[in-house]
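Only one structure is covered here, and it is reproduced in the block below.
The structure displayed is predicted, hence computed values, not measured ones. Protein chains get the first letters and strands the later ones, always in sequence-line order, with residue 1 at the start of each. In what follows, every heavy atom counts, from backbone to side chain, and hydrogens, waters and symmetry copies are set aside.
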There are 2 protein chains.
Amino acid sequence: MTMEDGTFESLGYCADTGVDDDVLQWDQRADCEVRQILDRIADKWSLLVIALLDKHSLRFTELRRAIDGVSQRMLARTLRHLERDGLVSRTVHPTVPPRVDYALTPMGATLHATIRALVVWTEEHQNAIAAARAAYDRRAAAEREAAEREAAERAAIARAALPSRGSPALSGQVVS
Amino acid sequence: MTMEDGTFESLGYCADTGVDDDVLQWDQRADCEVRQILDRIADKWSLLVIALLDKHSLRFTELRRAIDGVSQRMLARTLRHLERDGLVSRTVHPTVPPRVDYALTPMGATLHATIRALVVWTEEHQNAIAAARAAYDRRAAAEREAAEREAAERAAIARAALPSRGSPALSGQVVS
DNA sequence: CGGTATCCCCTAAGATACTG
DNA sequence: CAGTATCTTAGGGGATACCG
């Protein structure tokens, strides 16, 4: 059985609260349906599959080869999910070497357009993001270094203040 | 140390291949930067944070309360990531009860707009998706049932064909 | 208040092997 | 070829405890 499904018992259906523009409402809804659908769409492989299928339909192995890095299991899983969601269609040709073609449904095609916008955003900002990361890391490194220097200094002071002989009977050894 | 980071050693930088429209190129790039950024954006909490911060800046605990379900650890992690990527800014007020405000950077704001498009898509299609899922599940259930009926029939036939006594010495029991 | 560090569990996803 | 079944592992993410 197992079914490896989920989706059903997660985050019980929360009735749509009408067309409310409030952002708080947005994330409320995000918690119910949007979140889940988005997670599926944006998962590791779905995007790639949708991207590839936008040009023309492909068979299983063609997708497998095109994606490079996806395991058989993950590709099958991804395709079944997308099929279940009505985003890709699966047509089996009962030939001798079995042939299965995957294609985008009309709905899948509209999703592709939307996703494309996100990808474009990412492409446009990837340099800015890389720069921000570099800056952040530089700052973090500087801070860490400063902290270490300070710690060393403190240790030196402690050493100087202590009597030449080591531990005075109990407690206090090197001090952290 | 641990740092719990990653990001660095994953998927070495792949130089941008110019502005090529080919879809194959798209997913190639998706494998390098887009994929990773998208994963961050679409992760369990980032979306919510960005959504909330779009209205006005918030402090840590305000976000914590607003999101409901997020652990301290995850919220902190998410915020660090978003800060590192230059999507949210973190300003510390050195008051007696320390106060830290988080806000969207300009880049974060543009991302919000883009994400919003995706959310709108999801909202517009969630009914269609739900319907597709229901249809798929119905089909699957029907198929499974049919398979079970067939199996039962086959078992009945096997039982009838077999002599009243059980396994004939070696091999062939129920036959697959 | 605003975090970081630690432990620990559980699921997602890769590798492998088998089936129709 | 087009999958499913099984095993195993990395890391996402919660709970808890402690620092500044």
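In terms of the side-chain contact (heavy atoms from CB on, under 4.5 Å) criterion, residue partners of B:E124 (sequence neighbours excluded) are, by chain and number, B:V120. By the side chain to side chain donor-acceptor pair (under 3.5 Å) test, A:R90 pairs with A:Y102, sequence neighbours left out. Judged as a salt bridge (Lys or Arg N to Asp or Glu O under 4.0 Å), and not counting sequence neighbours, the contacts of B:R80 are B:E83.
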Under 3.5 Å, which N/O atoms of the protein pair with N/O atoms of nucleotides 14-17 of chain D?
residue	atom	partner	partner atom	Å
D:dG14	OP2	B:S71	OG	3.2

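One interatomic measurement links the two molecules: CG of A:L58 to P of D:dG3, which rounds to 13 Å at whole-angstrom precision. Nucleotide D:dG13 holds its P atom 12 Å from the CG atom of B:L48, rounded to whole Å. A straight line from CD1 of B:I67 to P of C:dG2 spans 14 Å, rounded to a whole angstrom. Rounded to whole Å, atom C1' of D:dG11 lies 12 Å from atom NE2 of B:H81. Distance CG (B:L79) to P (C:dC1): 16 Å, rounded to an integer number of Å. The distance from atom CD of A:E62 to atom C1' of D:dC1 is 11 Å, rounded to the nearest whole Å. The interatomic distance linking A:E143 (CD) with C:dG3 (C1') rounds to 14 Å, in whole Å. Put simply, CG on A:D43 is 15 Å from P on D:dG12, counting in whole angstrom units.
The backbone N or O of B:G108 sits less than 3.5 Å from a side-chain atom of B:T105, completing a donor-acceptor pair. Side-chain atoms of B:R64 come within 3.5 Å of backbone atoms of B:V70 as a donor-acceptor pair (strictly under, hydrogens ignored). Of the possible polar contacts, none joining the A:S46 side chain to the A:A42 backbone as a donor-acceptor pair under 3.5 Å is found.
For A:F60, taking side-chain heavy atoms from C-beta onward, the closest of the listed nucleotides D:dG3, D:dG12, C:dC1 is D:dG3. Comparing atom distances between the A:R90 side chain and each of D:dG3, C:dG2, C:dT4 picks out D:dG3 as nearest.
Partner of B:I41 under the side chain to side chain contact (heavy atoms under 4.5 Å, CB included) criterion, out of B:I115, B:D85, B:L118, B:T114: B:I115 alone.
Here ring pair (Phe, Tyr, Trp, His ring centres under 6.0 Å) pairs that include residues 124-143 of chain A, with residues two or more places apart or in two chains, are A:W121-A:H125.
Across all strands shown, A:P97 has no heavy atoms under 4.0 Å from either base or sugar-phosphate atoms.
Between its two ends, the helix from C:dC1-D:dG20 to C:dG20-D:dC1 turns its axis by 40°, counting five pairs per end and rounding to 10 degrees.
Using a 4.0 Å cut-off, no side-chain N or O of A:R64 falls inside it from OP1 or OP2 of D:dA2. Neither OP1 nor OP2 of C:dG2 sits under 4.0 Å from any side-chain N or O of B:R99. The phosphate of D:dG3 (OP1 or OP2) has a side-chain N or O of A:Y102 nearer than 4.0 angstrom.
Look at B:D137 and A:R84 and you find a salt bridge, because one of the NZ, NE, NH1 or NH2 atoms lies within 4.0 Å of a carboxylate O, short of that distance.
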